[in-house]
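Heads up: the structure comes next, in structure tokens.
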Amino acid sequence: MSYKLMLQGTMSNVGKTLLTAGLCRIFRQDGFKVMPFKAQNMSLNSSITEKGEEMSRAQVMQAEAAGVTPAADMNPLLLKPTGLTGSQVILQGKVLENMTAREFYRRKKEFREPVLESFHRLEKRADILLIEGAGSPVELNLRKDDLVNMGFAEMVDAPVLLVGDIDPGGVFAQLLGTLSLLSKEERARVKGLIVNKFRGDRTLFEEGVRILEEKSGLSVVGVVPLTELKLPDEDSMSDRLKQKDKDGACFDLAVIRYPRISNFTDMDVFDAWPDMQIRYVTAPAELGNPDLLILPGSKNTLADLAWIRETGLDKAIRAYAAYGPVLGICGGFQMLGETVHDPGGVEWSHRSEEGTGRNFAAAKSGSSTSEAPGLGLLPIRTVMLPDKVQVKKEDRIGKLKGTLSLLSDLQVSGYEIHMGRTESSDPAGSTEEHGAGILLETGNVYGTYLHGFFDGPEVIPALRKSLAQRRGITLPEEDKVEYQEFKEREYDRLAEVLRQSLAMDRIYSIMGIARGDL
């Protein structure tokens, strides 16, 4: 038998994902085999499992905290927005189809059985299943056929902890208002409250705890401090995308933040290096003179290419590429080429917001074609095809010239996850079925389909030396940084914060686990 606990939030971005990860680490430390589960997630940050299945990066992070191998069953339903009203639907790790929001909600009943199948498979393997909800459980217009909050808690008979975010203010209204909108049966499932992201002296909130408990009739099982942790974030609401100066940073890395940016978690590894600063750029005036310019992944390459032109960043990128190194990853790699062609409307958000069958980017411009020029910095052409590439990959970088020549011959591993097929437009160049190699180079412009490219233990040290060489500076010797070890320390730090902040005895009791079982 598996014990169950579900964390629901008063709204998005209250911190459920990190709380779930921290509890996963605590239960693991206490000797339990724990697995995370989120029935439905909406995110453009995804990863590929060892079996070639696609799942949210948030549940990958939670699985790491739990010390278990990530599996698509931990996130059986993943929605990847393709436009304002549509998403690509990933079911149990595989692309199902693109749907409008209306169509998805009309068909939501279809997903109940596979979601439960995934949950019950995990249930057979775990001592504890830690379930994360999504958004708010009291979006009243969406309550019918709910798969991810109280509807799912009812399906699997899970007790619920309700999380509120005190940082923006209004935590009393959040928690008490949410409870007031739950049905009597749903309200009975909530066994405790958590106040998250508290700043300052915890004792100053004792009166707040008393008020919450008096008015709700529930225990406040924790007041968790706002803690800065270097762990992967789930989506574009992330504070990570906001401009921050890193004390002691020597190298400035600029990342283009398009509207449909995906897998920006590729840059998380730089958190482990004190002298590497990441900035996210949305306008030419913000670009400056970085040491490296990165074009990250995109869920809609054509639409984000159109945005780059509208903002004038296309000219700024080309001007920078005349003297500085540029690296494109996945969708950013495709943008660096000569053309991107989507003849079948693969990136079109199914019956898109333009109400036509044309690609969204083409529809916005009034064009009837689904082909757009790229930035013209790499001799490649990309064609979007309906079959999605989802594969783990390990290889060795070839011989490079230019700024990043010190990366030559390094071992790298990661995963590819994209719709397009890219081939060389240079008659002398090579053509590969699933892309243009681990790292394609023309002058100081580089491109790869490999997510996780920077994670290899030798890659960033070589990158630092390359960038230092370009600037004519000598770096002090740095201790070798193992990113996985860095993350493990962060998971342990998160767990320690939660142990000091949460009434763990009470939480174990809510799950039905007696102290003698620990």
Query - Partner of Gln40 under side chain to side chain contact (heavy atoms under 4.5 Å, CB included), chosen from Val89, Leu79, Asp146 - result: Leu79

Query - Nearest non-hydrogen partners of Cys330 and Tyr449, listed with the distance - result: CA-CD2, 3.7 Å

Requested in this report: Kindly compute the distance separating OG1 (Thr49) from CG (Asn75), expressed to the nearest 0.5 Å.
Outcome: 11.5 Å

Query raised in the report: Mind checking whether Met384 and Thr301 have side chains closer than 4.5 Å, heavy atoms only?
Result: yes

**Report entry** Asp409: salt bridge (Lys or Arg N to Asp or Glu O under 4.0 Å) partners, not counting sequence neighbours
**Finding:** Lys399

Requested in this report: Mind checking the CD1-OG spacing from Ile329 to Ser262? Nearest 0.5 Å is all I need.
Outcome: 10.0 Å

Query raised in the report: Is Leu440 close to Ile380 at the side-chain level, that is, under 4.5 Å between some pair of heavy atoms?
Result: yes

Query raised in the report: side chain to side chain donor-acceptor pair (under 3.5 Å) between Gln88 and Glu97: does it pass, once the steps are laid out?
Result: CA-CA 6 Å; Gln88 184 183 70; Glu97 60 183 274; over 6 Å; no

Query raised in the report: Which residue, Thr20, Asn41, Thr17, forms the side chain to side chain donor-acceptor pair (under 3.5 Å) with Gln59?
Result: Asn41

Query raised in the report: Should Ser87 and Met42 be marked as a side chain to side chain contact (heavy atoms under 4.5 Å, CB included) after you check the CA-CA gap, both sets of side-chain angles, and the distance that decides it?
Result: CA-CA 9 Å; Ser87 293; Met42 178 175 281; 3.9 Å; yes

**Report entry** Asn444/Tyr320 under side chain to side chain donor-acceptor pair (under 3.5 Å): CA gap, chis, key distance, verdict
**Finding:** CA-CA 10 Å; Asn444 263 340; Tyr320 175 83; over 6 Å; no

Requested in this report: Please confirm whether Phe453 and Tyr415 have ring centers closer than 6.0 angstrom.
Outcome: no

Query raised in the report: Can you tell if the side chain of Met55 reaches within under 4.5 Å of the side chain of Pro70, non-hydrogen atoms only?
Result: yes

Query raised in the report: Could you walk me through whether Arg143 and Glu139 pass the salt bridge (Lys or Arg N to Asp or Glu O under 4.0 Å) check?
Result: CA-CA 6 Å; Arg143 180 178 281 176; Glu139 302 291 355; over 6 Å; no

Requested in this report: Check side chain to side chain donor-acceptor pair (under 3.5 Å) between Ser118 and all other residues, then give those that pass, not counting sequence neighbours.
Outcome: Asp73, Gln92

Query raised in the report: What is the minimum heavy-atom distance between Gly9 and Lys16, and which atoms define it?
Result: N-CD, 3.2 Å

Query raised in the report: Between Glu490 and Lys230, is a salt bridge (Lys or Arg N to Asp or Glu O under 4.0 Å) present by the stated rule, with each step listed?
Result: CA-CA 7 Å; Glu490 290 293 281; Lys230 302 299 185 181; over 6 Å; no

Query raised in the report: Charged N to carboxylate O under 4.0 angstrom, Asp145 versus Lys108?
Result: no

Query raised in the report: Who passes salt bridge (Lys or Arg N to Asp or Glu O under 4.0 Å) against Arg470, sequence neighbours left out?
Result: none

Query - Leu336/Val326 under side chain to side chain contact (heavy atoms under 4.5 Å, CB included): CA gap, chis, key distance, verdict - result: CA-CA 9 Å; Leu336 290 174; Val326 178; 4.0 Å; yes

Query raised in the report: Quick one: are Leu313 and Trp307 in side-chain contact, heavy atoms under 4.5 Å?
Result: yes

Query - Min side-chain heavy-atom separation Ile460-Val269 under 4.5 Å - result: yes

Requested in this report: Using distance alone, with no hydrogens and no angle criterion, decide if Lys80 and Ser46 have a side-chain donor and acceptor under 3.5 Å apart.
Outcome: yes

**Report entry** Donor-acceptor under 3.5 Å (Glu416 side chain, Val389 main chain)
**Finding:** no

Requested in this report: Give the minimum heavy-atom separation between Gly133 and Lys38, together with the two atoms involved.
Outcome: O-CE, 3.1 Å

Query raised in the report: With Arg102, which residues qualify under side-chain contact (heavy atoms from CB on, under 4.5 Å), at least two apart?
Result: Thr100

**Report entry** Criterion side chain to side chain donor-acceptor pair (under 3.5 Å) on Gln174 and Thr178, from CA distance to verdict
**Finding:** CA-CA 6 Å; Gln174 288 178 44; Thr178 297; over 6 Å; no

Query raised in the report: Has the side chain of Glu441 got a donor or acceptor atom that lies under 3.5 Å from a matching backbone atom of Lys401?
Result: yes

Report summary line: Nearest heavy-atom contact between Lys197 and Val14 is CE-O, 3.6 Å

Query raised in the report: Excluding sequence neighbours, so at least two apart, what forms ring-ring contact (aromatic ring centres under 6.0 Å, His included) with Phe270?
Result: Phe454

Query raised in the report: Do Ser43 and Ser56 meet the criterion of a side-chain donor-acceptor pair at a distance under 3.5 Å?
Result: no

Query raised in the report: Would you call Glu54 and Lys388 a salt bridge, taking side-chain N to carboxylate O under 4.0 Å as the test?
Result: yes

Report summary line: Taking every heavy atom of Lys299 against every heavy atom of Pro81, the minimum-distance pair comes out as CG-O, 3.1 Å

Query raised in the report: Do Arg279 and Asp252 meet the salt-bridge criterion of a basic N to acidic O distance under 4.0 Å?
Result: yes

Requested in this report: Kindly indicate, with the supporting measurements, whether the criterion side chain to side chain contact (heavy atoms under 4.5 Å, CB included) is fulfilled by Val412 and Val459.
Outcome: CA-CA 8 Å; Val412 289; Val459 174; 3.6 Å; yes

Query - Min side-chain heavy-atom separation Ile48-Val391 under 4.5 Å - result: no

Query raised in the report: Which value, rounded to the nearest 0.5 Å, describes the distance between Phe111 atom CZ and Phe104 atom CZ?
Result: 5.0 Å

Query raised in the report: Which of these, Arg257, Arg260, Arg309, sits in a side chain to side chain donor-acceptor pair (under 3.5 Å) with Asp304?
Result: Arg260

Requested in this report: Could you check if a side-chain atom of Pro296 sits within less than 4.5 angstrom of a side-chain atom of Asn263, using non-hydrogen atoms only?
Outcome: no

Query raised in the report: When rounded to the nearest 0.5 angstrom, what distance separates CG in Leu147 from CZ in Phe152?
Result: 8.5 Å

Requested in this report: Taking atom types as modelled, find out whether Glu132 and Gln8 have a side-chain donor-acceptor pair closer than 3.5 angstrom.
Outcome: no

Query raised in the report: Does Tyr258 have any ring-ring contact (aromatic ring centres under 6.0 Å, His included) partners at least two apart in sequence or in another chain, and if so, which?
Result: none

Query raised in the report: Taking the side chain as C-beta and beyond, is there a heavy-atom pair between Ile294 and Met267 under 4.5 Å?
Result: yes

Query - Enclosure of Arg199 CZ (heavy-atom neighbours >12, cutoff 6.0 Å) - result: no

Report task. Compute whether any side-chain donor of one residue and acceptor of the other, for Tyr280 and Glu286, lie under 3.5 angstrom apart. Result -> no

Report summary line: For Ser408 and Ser405 the tightest heavy-atom approach is OG-O, 2.8 Å

**Report entry** Arg421 side, atom CZ; Glu423 side, atom CD - distance, nearest 0.5 Å
**Finding:** 11.5 Å

Requested in this report: State whether Glu117 and Arg112 are salt-bridged, where the test is any N-O pair (Lys NZ or Arg NE/NH1/NH2 against Asp/Glu carboxylate O) under 4.0 Å.
Outcome: no

Report task. Please confirm whether the backbone N or O of Asp167 pairs with a side-chain atom of Asp165, one donor and one acceptor, at under 3.5 Å? Result -> yes

Report summary line: Interatomic distance, CD@Gln334 vs CG@Leu375, rounded to 0.5 Å, equals 12.0 Å

